Structures are given as C-alpha cells and as structure tokens.
Q: 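So that we are looking at the same thing, I have put the structure below in structure tokens.
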Amino acid sequence: MIQEIQVGIVDTRVPGDAGAEMVAPHSLGLTCKTTAVQATTQSLAVSVLDLIATRAGEPTGSAIAKSVELARYAEQLGYRRYWVAEHHSIQGLACSATPVLIGHIAAATKTIRVGSGGVMLPNHAPLVVAEQFGTLEAIYPGRIDLGLGRAPGGDVQTMRALRRGLAQDGDDFPALVEELRTYLGPEGSSQVVKAIPGQNSNVPITLLGSSGFSAQLAAALGLPFAFAAHIAPEHLYSAAQLYRERFQPSKVLPKPYLLVAVQVIAAETDAAAWRLFTTPQQRVLRAIRGEPVEWLPPVDSMEHLWYDAERAAVENRMRAAIVGSDATVQAGLEILVSDTHPDEVIVVTETYEHFDRVDSYRRVAHIAAKILATGDTYAG
C-alpha cells in the first residue's frame, strides 16, 4: 500500500483568536478536540471529483465499476474525500442519481469521505435530500459529505422534466439551504415536518459555486466553500477573496475553509500528459457544440478538430488545468496554492484509459505530499 498522505488545516484566524479552545468541525472530516495551536508544516490536502464519465459505447455499469475501483485506490493513496457530481440528460455522464452512487462507493470503501460535488438543490425538495443523506449518514456515520450547488445540471427541457420551475434563477437557493439545514439539524420546538432519517444527523454541508454568489452565501452562513475552477476559472480569485473577506464564524466552522476543484493530468512527460489532455478538450468542444460528451481517445493534435473560435472557447474554459510531468504539475499546484491559499484541492482527472487516470491520481498524491501548506494549524 502506498503511504498515506498526511493532511492538515491552516489556521487563518487573527492572533487574538489563536489561543481559543476549538473543536475541529465535522464538515471537514476531523473529529478530535483540539486545545492548542502550534506552528507546523502539513502537506497539501487533496480529494477527488468524479463525473462518472463513459466512453463511447461503454455500458454505464462498466464506468461505475471503474469509479469504485478508483475510489478504493484513492483511499489507499490518502485522498481525503471522493465526491460525485450531479448532471441530468447528458449523454456521456452517468452521475444523475448522485445519492445512489454515493452509497455504492461508500459501501466499497472504508475510511475515505464520500459525498456530492454536488447535489443541485433547486432540482430537489430539501426534505427528500435530507432523508437521502440522513439515511446515508446512518449507514456510513462520519463519512458522508453534502455538497450543494444551485445550477440546473441540465438544459431547459431537463429542468421541466425535473419539475423545476423554468422561471427559477437560483435566487431561492439561500432559502432552500436553510430549509435543508432545518431538516438535518436538531428538531425545532414548533417544527411539524421532520426528516426521518435525517433530523439531528448534522450531515456536513459545503456550498459549491462558480461565481461570487455562493461564495458570499457560504461566507455569511459560516460554511465551507468549494469553487469550481474546472468550470469557471475566470472567477476563481475574486470568489476566493470574497469568501475569505466576508466569512462569519459559525457553530459549524470557526474560520474559512476553501476547496478548489481543478482539472489535473499528470503523466511521465509533458508531451504524454498533453496528449491525454486532448480527451477532456474534445469533451468540452463537443459540449460547446451540443453534442454527446463521452470520452473519446486522445489525438496527436486538436488542430483538425476545431475552428479558431472553438479553440479559444475551449482553452478559456480549461485555462486553470494543470497538465504535465510530475515536475510541471507540482509547479502548477504550488502556484495555485500560493495564489489562492486553498485548504484543499479537489482533483478532476479525465483520461480515456482507466489506467492513465489511476496513474495520474497516483502521481498527484505523491506530488501533493511534497507541497507544504505552512501556518498555524490545530494540534492536540
């Protein structure tokens, strides 16, 4: 078994708070009570985001089986959590029944946290989400994460099929989050409807986003915030800054906790990695064209596949991607850490061959162990 990565949380509190007694928040997968703060050096915390992508003509069951295998390996490598996305009616992505997948992956693993990256809350009744994740938490106590987003996860017709109002623009997301937290928290004295299971389960919630909206909401509620830099890299720095500047400590979280999701492909050489990278490039290109987005084999060059405007759109969408040899990826991750100070990096890796994907996650695990996040961290 490969040596497990040691990960830690950087303390960003002002000096006046530094001696306060603290309980590490359940939402971060930490359970030990801490009573002291010491200057220490910890390696970069890394996690996995999986869209359960299929190759052209591949049975869904095969893609899911590969994801289970990857989750088991990620657990051995020391990855902190394994998240599954939610998308609907998109040929090539098998992550529509997110809670079902979470349960399946959690059953096949032992220690890694498993969750949603994320549940698109406006698509669902908060009570149903609370019941689903309350049930998962009851089966796999202390291992379930509930990441929440406000995007539709599909097109207009899919929204209608999900019974989501076409006039919804996400403005009701804060109210939906609060309703969901009511069902997951302690039972209120006047509460009539209860989530059973779910009530008082306190399933940890992380807000996901690709703009400043969810960053501000996560800051106001004192919740962890995960930014989707693999989707909207242009908003990464402003959203990260907004979240940290406006964060309000809460019972759940005493200080900001920022997760950044980024596309990463590591291989033996830069050239080999960039060839593998043509698979996700083709997926984004096909998404722009409204075509199915199954994984396609890598190609030697994309030049014959796109027009100049399409190339610009794909490269802009994927400009935060870190692609290359171990040394190149380490340099890219170090820049990301230096520029945005994430507490955790969520790695999104898309390759046509399962072996290449597993190998990339193996390389990233070893690279992350070399990247140091130095600061005042909790110990005790």
Side-chain angles (χ1 to χ4, degrees), residues 26-27 49-52 60 64 67 81-90 93-107 113-209 213-214 217-218 221 223-224 226 252:
H26 175 57
S27 61
L49 175 62
D50 191 354
L51 278 64
I52 319 288
T60 300
I64 293 174
S67 291
R81 62 191 91 238
Y82 197 101
W83 279 2
V84 181
E86 177 188 338
H87 291 283
H88 298 277
S89 191
I90 298 179
L93 300 181
C95 55
S96 56
T98 311
V100 177
L101 292 168
I102 291 171
H104 184 56
I105 293 171
R113 297 188 66 84
V114 186
S116 57
V119 165
M120 300 296 105
L121 188 54
N123 291 341
H124 313 280
L127 176 61
V128 174
V129 175
E131 291 171 340
Q132 291 172 340
F133 279 80
T135 301
L136 287 168
E137 175 65 22
I139 301 172
Y140 310 104
R143 292 184 56 209
I144 302 299
D145 292 331
L146 175 50
L148 300 174
R150 68 187 185 106
D155 55 23
V156 171
Q157 291 77 17
T158 302
M159 290 172 62
R160 182 180 290 111
L162 288 166
R163 301 300 187 263
R164 177 172 176 174
L166 299 185
Q168 286 180 302
D169 55 10
D171 288 345
D172 60 343
F173 183 61
L176 295 175
V177 171
E178 281 305 302
E179 182 181 352
L180 176 58
R181 295 180 77 188
T182 298
Y183 295 134
L184 293 174
E187 181 180 335
S189 58
S190 60
Q191 186 175 342
V192 176
V193 178
K194 305 175 184 63
I196 304 174
Q199 208 72 55
N200 207 35
S201 63
N202 298 305
V203 177
I205 291 174
T206 299
L207 296 192
L208 283 60
F213 182 96
S214 292
L217 181 59
L221 297 178
L223 293 174
V252 174

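Everything quoted here is computed from the prediction, not taken from an experiment. Starting from 1, each residue takes its place in the sequence as its number.
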Q: So, the side chain of T98 versus the backbone of A85: is there a donor-acceptor pair under 3.5 Å, distance only?
A: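 Answer holds: yes.
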
Q: Are the side chains of V119 and Q132 in contact, using a 4.5 Å heavy-atom criterion?
A: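 SC-SC contact between Q132 and V119 ruled out.
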
Q: Main chain of G147, side chain of S116: is a donor-acceptor contact present, judged purely on distance under 3.5 Å?
A: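 A pair under 3.5 Å: yes.
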
Q: Where do L223 and V252 come nearest, in terms of heavy atoms and distance?
A: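 Looking at all heavy atoms of both residues, the closest pair is CD2-CG1, 4.2 Å.
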
Q: For residues I105 and D50, determine if any side-chain heavy atom of one lies less than 4.5 Å from a side-chain heavy atom of the other.
A: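 Side chain of I105 against side chain of D50, heavy atoms only: no contact under 4.5 Å found.
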
Q: Please name the pair of heavy atoms, one in C95 and one in L51, separated by the smallest distance, quoted to 0.1 Å.
A: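 Heavy atoms only, the tightest pair is SG-O, 3.3 Å.
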
Q: How far does CG of L208 sit from CG of L121, to the nearest 0.5 angstrom?
A: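 L208 atom CG to L121 atom CG measures 11.5 Å (nearest 0.5 Å).
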
Q: Write down the atom of P204, the atom of R113, and the distance for their closest heavy-atom approach.
A: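 So the minimum-distance heavy-atom pair works out to CG-NH2, 3.3 Å.
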
Q: Tell me the closest heavy-atom pair linking A138 and P141, and the distance in Å.
A: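 Heavy atoms only, the tightest pair is O-CD, 3.8 Å.
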
Q: Do Q191 and Q199 pass the side-chain contact (heavy atoms from CB on, under 4.5 Å) test, and can you show the C-alpha distance, the side-chain angles, and the key distance before you say yes or no?
A: CA-CA 11 Å; Q191 186 175 342; Q199 208 72 55; 2.9 Å; yes

Q: Does A97 offer a backbone N or O that forms a donor-acceptor pair with the side chain of E86 under 3.5 Å?
A: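 Not at all, since once roles are kept as given, no pair shorter than 3.5 Å links the two residues.
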
Q: Report yes if the side chains of R81 and T206 come closer than 4.5 Å at any heavy-atom pair, otherwise no.
A: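 Not touching, per the 4.5 Å side-chain cut-off.
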
Q: Would you say the side chain of I205 lies within less than 4.5 Å of the side chain of L184, judging by non-hydrogen atoms?
A: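 SC-SC contact between L184 and I205 confirmed.
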
Q: When you compare the side chain of L180 with that of L148, does any pair of heavy atoms fall below 4.5 Å?
A: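 In short, these two side chains touch, coming nearer than 4.5 Å.
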
Q: Could you walk me through whether V114 and R143 pass the side-chain contact (heavy atoms from CB on, under 4.5 Å) test, one step at a time?
A: CA-CA 6 Å; V114 186; R143 292 184 56 209; 3.9 Å; yes

Q: Looking at A94 and T60, what are the two nearest heavy atoms and their distance?
A: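 Heavy-atom minimum between the residues: CB-CG2, 3.6 Å.
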
Q: Would you find a donor on one side and an acceptor on the other, under 3.5 Å apart, between the side chain of Y82 and the backbone of S67?
A: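 Flag set: sc Y82 to bb S67 pair under 3.5 Å.
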
Q: Is there side-chain contact between F173 and S214, with heavy atoms separated by less than 4.5 Å?
A: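 Yes, their side chains come closer than 4.5 Å.
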
Q: For V84 and H104: C-alpha separation, side-chain torsions, deciding distance, then whether side-chain contact (heavy atoms from CB on, under 4.5 Å) applies.
A: CA-CA 11 Å; V84 181; H104 184 56; over 6 Å; no

Q: Look up atom CG in L127 and atom CD in E179, then write down how far apart they are to the nearest 0.5 Å.
A: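 One gets 7.5 Å once the value is rounded to the nearest 0.5 Å.
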
Q: Could you check whether any side-chain heavy atom of I102 comes within less than 4.5 Å of a side-chain heavy atom of Y140, counting everything from C-beta outward?
A: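 A side-chain contact is absent here, since even the closest heavy-atom pair is not under 4.5 Å.
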
Q: Hey, are the side chains of P174 and F213 touching, using non-hydrogen atoms and a 4.5 Å cut-off?
A: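 In contact.
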
Q: Taking all atoms of both residues into account, what is the closest heavy-atom pair of D145 and W83, and its distance?
A: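 Scanning both residues, the minimum pair turns out to be OD2-NE1, 3.1 Å.
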
Q: When you look at E178 and L221, which way does the side-chain contact (heavy atoms from CB on, under 4.5 Å) test go after all the steps?
A: CA-CA 9 Å; E178 281 305 302; L221 297 178; 3.4 Å; yes

